[in-house]
Each structure stands twice: as C-alpha cells, then as structure tokens.
Amino acid sequence: MEKIVINGGNRLHGTVKISGAKNAAVAIIPAVVLSDGICRLENIPDIQDVNLIARILEQMGARVTKPEKDVLEIDPRGIREPVATYDLVRHMRASSYLLGALLGKFSRAEVALPGGCDFGVRPVDQHLKGFGILGAKHSVEGGMIKVKADKLVGGHVYLDVVSVGATVNIMLAAAKAEGRTTIENAAKEPHIVDLANFLNSMGADVRGAGTDVIKVNGVKRLGGTTYSIIPDQIEAGTYMAAVASAGGDVMITNVIPKHLESITAKLREMGVIIEEYDEAVRVIRNNRLRRCNVKTMPHPGFPTDMQPQIAAILTMADGTSIVNEAVWDNRFRYVEELCRMGAEISVDGKLAVIEGIDQLKGAPVKATDLRAGAAMIVAALGASGTTEIEDIRHIERGYENVVEKFKGIGADIKRVYTNDPVIQTA
Ligand code: EPZ
C-alpha cells in the first residue's frame, strides 16, 4: 500500500507549474466522440481520471495515442457500439458525461451507473430531464442507464439545479441535434467555457457559455481539431492553500488568474498576500491567518472543490470560522481526519464550525476522497511533526506528480510503499 509521509513546518518557496484541468479533460475527451475526424488534445494532465476516460473510449473502439507527455490524439471513428459497461466505468465518477456524447453522436447510449460517490449520491435527474426535452427516452436496466431517440430535436431546458454535469451532457447531446437548444440556469464553471470552445473548434455553434444561458444550434457534422485545455483552477487553488498553511513565498505558474478570483479573495481575507500576473499568481504568507466564513457556490462563487482545503487552513487561523457546504450534501467526511491532527471542528448538516488553534499536530490520516486527500496534504504541511496519509490513490486521481511538485517548492514529503497487513475491522 502507498502512503504520503510529510514532516510539517517547512515554509514553501520557489515555483510550481499547474497542469491541465481535470474537469475540463473529463468533459472534452468524451466530446471527441462527436467528431468525424481526429482530435489532438494538448495540456492534458497525466492523471488516473483522465487516463481512465481515454481508456474507456479506446475499449469502445476509438484509436487513442499519446504522441507527447501531455498530448492525446483520439480518432473516434472506430466506435461502433455506444455502450460503456460497468467493468469499464465502475472507477469513474465522471462516466455520466459519456451519455451525452454517445447520445449526441448515435442517438442512443448505454452507460453503467458507477457506484455511490465519495460524498453522497451523484444524481442525474437533470441530465435525464435535458435528454427528454431533446426527444430521448430513458430507462435504467441492470445498473445501466439507457437513452434513445428517433431523432434529437433542440428544445428549451431550464435546469432546476445548477449542475456542471447536466450542463455538459445537454451541450453534448444538443451539438448535433436539429435546431436550437437553450439551457437556462446553466453552470458557468471555466471548464464549461472550455468545453464550448472545444466544441466550436470542431465546428459546433455554442454561444453564451460562461453565462447562465447557453444556446446550442445543432450542426450536421463536427470535424477533427487541435485544442489545448485550460489550466486546473482547483489544482492551483490547492497549492495556494498549501502556502497559506505552511507559510512562505511561491510563484504558481500556468494559471488563469480570473479563474482563481474567488479563491484569491478568500485567502486575501485571511491575510494572505497574492500578486496576480498574466499567467501566474505569487502567494506569500508570513503572519498568522485570520478567521473567515466560507460558503461554497456554483462559479463564480467559492468552489466546493476547494472547501476541504480552505477548512484545513482555517483550523490554524485566529478565531472561529464557519464553512457552509451549499453544493454537496455530505462533503465533511475529512473533518474527522483533521480532528485526529488536533483540529477543533464541529459539523452540523451543511455547516462546519472551526475554532482556530495554534498549530495542528502530525498524525496518521486517510484520504477519504480526492479533495479531502488534498486537504490532508495542506494540513500536514502546516502542522508540526509527521503526518502519514493513506489511500493516496484518491489524491493521484486528480493531482499530477503531486509529491514531486510539493517537493519542488521545499516540502518535506515522500511517497512510501508499505506492506502493512490490511486489518479487517468488524
Ligand atoms: C462536477 O461534478 C465536478 N466533477 C465536481 O468535482 C464538482 O464538485 C461539481 O461539478 C460541482 O462543481 C467533474 O467535473 C468531473 P453537479 P458534477 O452536477 O457534475 C446536484 C472534483 O473534486 N445535482 O454540478 O457531478 C448534485 O447532487 C469533483 O473534481 C442534482 O440534484 O456536479 C449536487 O448537489 C468532485 N441533479 C449539485 O447538483 C443532477 O442531475 C452539483 O452537482 C445533477 C446534479
């Protein structure tokens, strides 16, 4: 079993380069299915979630090559059967994005529903509502979602919930539908805009991405393209939080500062100095952190995917902070791990009340999901003593070269292979 071991207390310094955005890649790779040509995708991070979704396409018949480290070339023309079975998708949370792409291309799709998620249920009712308005019927049989339409015809979708996945899936299903599709109450995340730009580079006609009304005029054919995806705002935010936790002075490069605005504003509120450049931010923290309140919201609000990381640093801020997780129902599982490090946090439903203490103390902890694992690293870097983080597979799903990147800015961090017997507890 692998662990990450961190000896906390080192101030961080130097430069770290951010990789391509995981949540853009896992939406854009399925979108390649819509193309009648070869797509070359650049700035693709080498992480498990991305490699998995590419492997799923390959197992369905696409030709996928990796001519360079962060480049994927995909020819989807070999896909004959729009079916992604459980053994393909069971490790993928984002497998639902295949539904929209396969439906948009073949007017039918069958995708296995992955198991429960790390933090509560991942409903798809809004996805299915959108598909229905475009003329598709759906059923759930044997753990597979099946959608089918005689012909996809554009329609007016008003999302009940601002959903990134539903917005992605409806855009994909609408790209080649007949006529116009309007998506109201659409998600505005940077990766929604990136997906729209990618689709348009293939010849689609998507307008308004980044606002809450997206219009898709269906086209008959989408061709091959070359496209470089955006940098990862959450990876960047995680490194910003790490500097806030450990202290120091770090230049974070290959970022789009505008995508980080809500994170920057919150860290500045806590007393962190942040200088913005064209494609970089410099993060400096020397004094003690101030308390603050955080409420997660759809973009441009504070991102839920940064909630565990910001909570980790609030445990060592002066005063009492309140974190309100307004997007997901159950995203505080990491709190008990932070409490093992001495944090004083009480959780009541969607609220976590954090009493700041002087400093966390290292302890053995677990990564309960991707961003919770990132929060353990952030906490460990600011803690005194040694922290051992288990279940790091969660972290490596979404953070490229995480140990090497942190080592590069002065962290005392290493990956350790242990053969601890897994003791089954009742
Ligand atoms: C995407 O998940 C991201 N994943 C998540 O990031 C992120 O937390 C989330 O968007 C919110 O930003 C990917 O992009 C692969 P949603 P998604 O649909 O699309 C409810 C990470 O750490 N909802 O925007 O699944 C849902 O229950 C991951 O990188 C419905 O009720 O999220 C949730 O409360 C974790 N019905 C809220 O909407 C639906 O049909 C937002 O979910 C769909 C969603």
Side-chain angles (χ1 to χ4, degrees), residues 2-25 42-51 68-71 228-257 259-260 263-264 267 272 274 277 279-285 303 305-306 308-310 312-313 365 367 369-383 386-417:
E2 282 184 287
K3 286 180 186 175
I4 286 178
V5 178
I6 293 171
N7 291 312
N10 286 17
R11 289 169 59 78
L12 302 179
H13 54 84
T15 299
V16 62
K17 181 173 184 279
I18 297 305
S19 303
K22 168 180 88 78
N23 291 347
E42 299 174 346
N43 199 32
I44 298 289
D46 181 14
I47 52 179
Q48 182 193 312
D49 268 13
V50 169
N51 295 332
E68 293 164 45
K69 185 178 90 55
D70 59 355
V71 174
S228 181
I229 73 169
I230 54 171
D232 195 313
Q233 74 176 136
I234 304 302
E235 185 195 13
T238 301
Y239 284 94
M240 295 166 78
V243 182
S245 175
D249 181 345
V250 173
M251 186 68 83
I252 302 173
T253 63
N254 189 36
V255 302
I256 299 173
H259 292 171
L260 305 173
I263 302 165
T264 298
L267 290 173
V272 181
I274 297 174
Y277 300 90
E279 297 182 342
V281 290
R282 182 181 174 193
V283 185
I284 305 165
R285 202 274 286 167
D305 293 346
M306 277 297 300
Q309 299 92 308
I310 206 93
I313 53 184
V365 294
D369 66 65
L370 168 59
R371 306 302 176 183
M376 294 305 117
I377 294 178
V378 167
L381 291 170
T386 302
T387 299
E388 296 192 354
I389 305 171
E390 286 186 2
D391 295 341
I392 61 171
R393 67 188 186 288
H394 290 299
I395 303 173
E396 302 198 313
R397 270 181 49 206
Y399 287 89
E400 187 176 44
N401 297 332
V402 64
V403 170
E404 295 73 18
K405 286 193 180 185
F406 273 115
K407 209 175 277 184
I409 51 176
D412 179 347
I413 180 173
K414 58 181 181 285
R415 187 184 282 109
V416 170
Y417 299 86

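Atoms considered below: every heavy atom in the structure, side chains included; atoms not considered: hydrogens, waters and symmetry mates.
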Indicate yes or no for a side-chain donor-acceptor contact from [X] to the backbone of [Y] under 3.5 Å, with no hydrogens or angles considered.
X      : Y      : answer
Ser245 : Leu381 : no
Glu400 : Asp46  : yes
Gln309 : Gly237 : no
Gln233 : His259 : yes
Asn7   : Asp412 : no

Worksheet item: Between Thr238 and Met306, is a side chain to side chain contact (heavy atoms under 4.5 Å, CB included) present by the stated rule, with each step listed?
Response: CA-CA 7 Å; Thr238 301; Met306 277 297 300; 4.0 Å; yes
Worksheet item: Heavy-atom distance under 4.5 Å between the side chains of Arg393 and Asp391, does that happen here?
Response: yes
Practice prompt. Evaluate the side-chain proximity of Pro303 to Ile263: yes if any heavy-atom separation is below 4.5 Å, no if none is.
Written response: yes
Worksheet item: Do other residues, nucleotides or ligands put more than 12 heavy atoms under 6.0 Å from the CD atom of Glu279?
Response: no
Worksheet item: With Phe406, which residues qualify under ring-ring contact (aromatic ring centres under 6.0 Å, His included), at least two apart?
Response: Tyr239
Discussion item. Pro45 and side chain to side chain contact (heavy atoms under 4.5 Å, CB included): which single residue from Asn51, Asp232, Val50 fits?
Written reply: Val50
Worksheet entry | Full working for side chain to side chain contact (heavy atoms under 4.5 Å, CB included) between Met376 and Glu390 | CA-CA 10 Å; Met376 294 305 117; Glu390 286 186 2; over 6 Å; no
Discussion item. Working to the nearest 0.5 angstrom, can you tell me the gap between Ile18 CD1 and Lys405 NZ?
Written reply: 5.0 Å
Practice prompt. Begin from the C-alpha positions of Met240 and Val272 and carry the test side chain to side chain contact (heavy atoms under 4.5 Å, CB included) through to its verdict.
Written response: CA-CA 9 Å; Met240 295 166 78; Val272 181; over 6 Å; no
Practice prompt. Carefully, step by step, assess Met251 and Tyr277 under the rule side chain to side chain contact (heavy atoms under 4.5 Å, CB included).
Written response: CA-CA 10 Å; Met251 186 68 83; Tyr277 300 90; 3.9 Å; yes
